Amino acid sequence: MIWYLLLLAAIPFVFYFIQMERWSKIWKNSSDFVAEESNVCLSVLVPYRNEMANLPSLLNSLSSQKYGNWELILIDDHSEDEGLNKLSDILNNLEIQVKCIRSSGEGKKAALATGAEIAKGDYLITTDADCTFHPLWLQTIASFCSNNNSDLVIAPVLQLSDGSALSNFQISEFIGLQLSGAASALNGKPIMLNGANLACKRKLYLQADLNRNTESGDDMFLLEWVKKNGYQIGYLKSTDAMVYTATEKSVFSLLAQKARWAAKSRHYSDKDIIQSGLLVGSINLVLLILFIGSILNPFLSSFFLIFYIIRLVADYRILLAGSTFFVYASCVRELIIWQLIYPFYVLTVALYSILLPLKWKNRRI
């Protein structure tokens, strides 16, 4: 009986290893996009709530963009720090035209919808208030939109390290997610994107069903809707199109962020997204059971080690494939430790999303 169970437990690890190998090859075999001249009109939407500390760096970074045909729309999601009132002082010192408006509803989705309604661009670009940008960010996106006529464009996001172990753990996980999302998109079956750096045709965005019954998931539900309706999705592989953001500063804030992301997954309907989630979830569950079982029965320790090494090698290889693009030097010693922690981390996030109230910017979700 136990051998039968172990054989079943090995199946998701085989599929996971094959999938990571395939995605690694897809990533390595894809060419970086080279931008050309373009004049596509872009509207950059930045919903924010209580982001006064981040708005100056956001605006300074946007003011350095080399592209000309774009507008910036800042949508205040009922901030409590008087950010909208203080913006005029910042904008007076910058040569940038900005529309500052208040959201007509509550939550990020409502804020984005408010901005989309008044936007003039052919494409809407969404990002977050705690981000900064490569100077050629908008020029590269505009060129990609012109050349590929994609309805939805997925672009890269890079977390910046503060030197701590917690920060490096997040970066390793996040780059793995970025590479998985990129390779699946390049393969024509996208399973992931990030609302900090995506572009969508405005007319399409206004039609999209973003599952208004949930407050989060503006990006993933957009991806599902675009896929379901057969529109064209492109991945923009270019470091010039990179968006930069910070990692979470504490374990609690990290768990809260991941719990918010996990909570919306129950509403997914796309089979590629669901299958990928089940695959990752199953191998973490198997590793967790085997680790605990090894304490009670040493016979299981060798199987835990075998499965653990398969997962470790698969993740290391895809991180290595993207190391140059994402400027990431994978430390094997750190990765060994993080892989041991990861099943417990995933379990904690899952329990958090089920048992504890979820909040974002002092607002309960």
Side-chain angles (χ1 to χ4, degrees), residues 4-28 30 154 169-170 172-194 217 219-221 223-224 227-228 233 235 257-293 300 303-322 330 335-336 338-354:
Y4 177 72
L5 293 175
L6 288 170
L7 180 61
L8 286 178
I11 293 175
F13 287 86
V14 173
F15 277 102
Y16 183 80
F17 188 87
I18 293 173
Q19 184 182 72
M20 291 298 108
E21 282 293 293
R22 182 170 68 248
W23 283 350
S24 296
K25 290 179 181 179
I26 290 171
W27 175 263
K28 288 188 290 187
S30 62
I154 304 171
F169 169 77
Q170 293 176 68
S172 175
E173 178 196 23
F174 193 73
I175 290 178
L177 293 173
Q178 285 279 299
L179 288 165
S180 299
S184 63
L186 290 167
N187 194 41
K189 294 183 178 181
I191 60 168
M192 200 178 308
L193 79 173
N194 193 299
D219 46 7
M220 289 297 293
F221 293 127
L223 173 63
E224 282 199 323
K227 282 184 68 176
K228 180 181 178 180
I233 302 171
Y235 181 80
Q257 179 196 64
K258 298 300 182 182
R260 290 193 301 271
W261 294 1
K264 65 189 177 186
S265 63
R266 71 191 70 171
H267 300 287
Y268 293 159
S269 59
D270 181 82
K271 65 179 182 64
D272 297 322
I273 296 173
I274 294 172
Q275 288 173 358
S276 179
L278 289 175
L279 180 60
V280 174
S282 63
I283 65 172
N284 280 297
L285 180 60
V286 169
L287 286 173
L288 187 63
I289 292 173
L290 285 177
F291 181 84
I292 297 172
L300 297 175
F303 294 97
F304 168 78
L305 184 61
I306 291 171
F307 292 161
Y308 165 77
I309 291 175
I310 293 174
R311 166 75 179 270
L312 178 68
V313 172
D315 286 355
Y316 175 76
R317 285 180 61 79
I318 195 167
L319 286 172
L320 186 64
S330 180
L335 194 58
I336 289 172
W338 294 334
Q339 293 283 20
L340 287 172
I341 295 172
Y342 205 76
F344 297 93
Y345 163 70
V346 171
L347 176 64
T348 303
V349 169
L351 292 175
Y352 189 122
S353 68
I354 296 170

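All figures in this text were calculated on a predicted structure; none of them were measured in a lab. Computed from heavy atoms alone, side chains included, the values below leave out hydrogens, waters and symmetry copies.
- Contact of the Tyr342 side chain with the Glu173 side chain is registered, since non-hydrogen atoms from C-beta on lie closer than 4.5 Å.
- Around atom CZ of Phe15, no more than 12 heavy atoms belonging to other residues, nucleotides or ligands sit under 6.0 Å away.
- Residues Phe307 and Phe291 form no side-chain contact, since every pair of their non-hydrogen atoms from C-beta on lies 4.5 Å or further apart.
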- Query: side chain to side chain contact (heavy atoms under 4.5 Å, CB included) between Leu305 and Ile309: does it pass, once the steps are laid out?
  - Reply: CA-CA 6 Å; Leu305 184 61; Ile309 291 175; 4.0 Å; yes
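- Taking CG from Leu193 and CD from Gln178, the interatomic distance works out to 9.5 Å, rounded to the nearest 0.5 Å.
- Remark: Ile274 CD1 to Ser269 OG distance equals 6.5 Å, nearest 0.5 Å.
- Sorted by first then second residue, the salt bridge (Lys or Arg N to Asp or Glu O under 4.0 Å) pairs that include residues 9-26, not counting sequence neighbours, are Glu21-Arg317.
- Going from atom CG of Leu335 over to atom CG of Leu340 covers 10.0 Å, rounded to the nearest 0.5 Å.
- Residues Phe17 and Val313 meet the side-chain proximity criterion, which asks for heavy atoms closer than 4.5 Å.
- The shortest distance between side-chain heavy atoms of Ser184 and Met192 does not fall below 4.5 Å.
- In this structure, Ala259 and Ser353 approach most closely via the heavy-atom pair O-CB, 3.5 Å.
- The two atoms that bring Gly322 and Trp27 nearest to each other are CA-NE1, 3.7 Å, heavy atoms only.
- The closest donor-acceptor contact from the side chain of Ser276 to the backbone of Ile273 lies at 3.5 Å or more, if one exists at all.
- Residue Lys227 places its NZ atom among more than 12 non-hydrogen atoms of other residues, nucleotides or ligands, all under 6.0 Å distant.
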- Task: Report the C-alpha separation of Tyr16 and Asp315 in whole Å, then their side-chain angles, then the decisive distance to 0.1 Å, and conclude whether the side-chain hydrogen bond (donor to acceptor under 3.5 Å, both in side chains) test is met.
- Result: CA-CA 10 Å; Tyr16 183 80; Asp315 286 355; 2.4 Å; yes
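- A heavy-atom distance below 4.5 Å is not found between the side chains of Met220 and Trp261.
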Listed pairs under 3.5 Å, donor-acceptor, residues 5-12 side chains, sequence neighbours left out:
none

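- Ser172 places no side-chain N or O within 3.5 Å of a backbone atom of Phe169 that could act as its donor or acceptor partner.
- Remark: the backbone N or O of Asp272 is paired with a side-chain donor or acceptor of Asp270 at under 3.5 angstrom.
- Between Met20 atom CE and Leu319 atom CG the span is 10.0 Å, to the nearest 0.5 Å.
- Taking both residues in full, the closest heavy atoms of Tyr235 and Ala185 are given as CB-CB, 4.0 Å, listed atom of the first, atom of the second, then distance.
- Ile336 has its side chain out of reach of Tyr316: every pair of non-hydrogen atoms, C-beta onward, lies at least 4.5 Å apart.
- When Asp219, Leu186, Ile233, Asn194 are each tested for a side chain to side chain contact (heavy atoms under 4.5 Å, CB included) with Ile154, only one passes: Ile233.
- Taking both residues in full, the closest heavy atoms of Glu224 and His267 are given as OE1-O, 4.2 Å, listed atom of the first, atom of the second, then distance.
- Between atom CG of residue Leu347 and atom CG of residue Leu287 there is a gap of 12.5 Å, rounded to the nearest 0.5 Å.
- The shortest side-chain heavy-atom distance between Val280 and Val346 does not fall under the 4.5 Å cut-off.
- Here CD1 of Ile318 is found 4.0 Å from OG of Ser180. Values are rounded to the nearest 0.5 Å.
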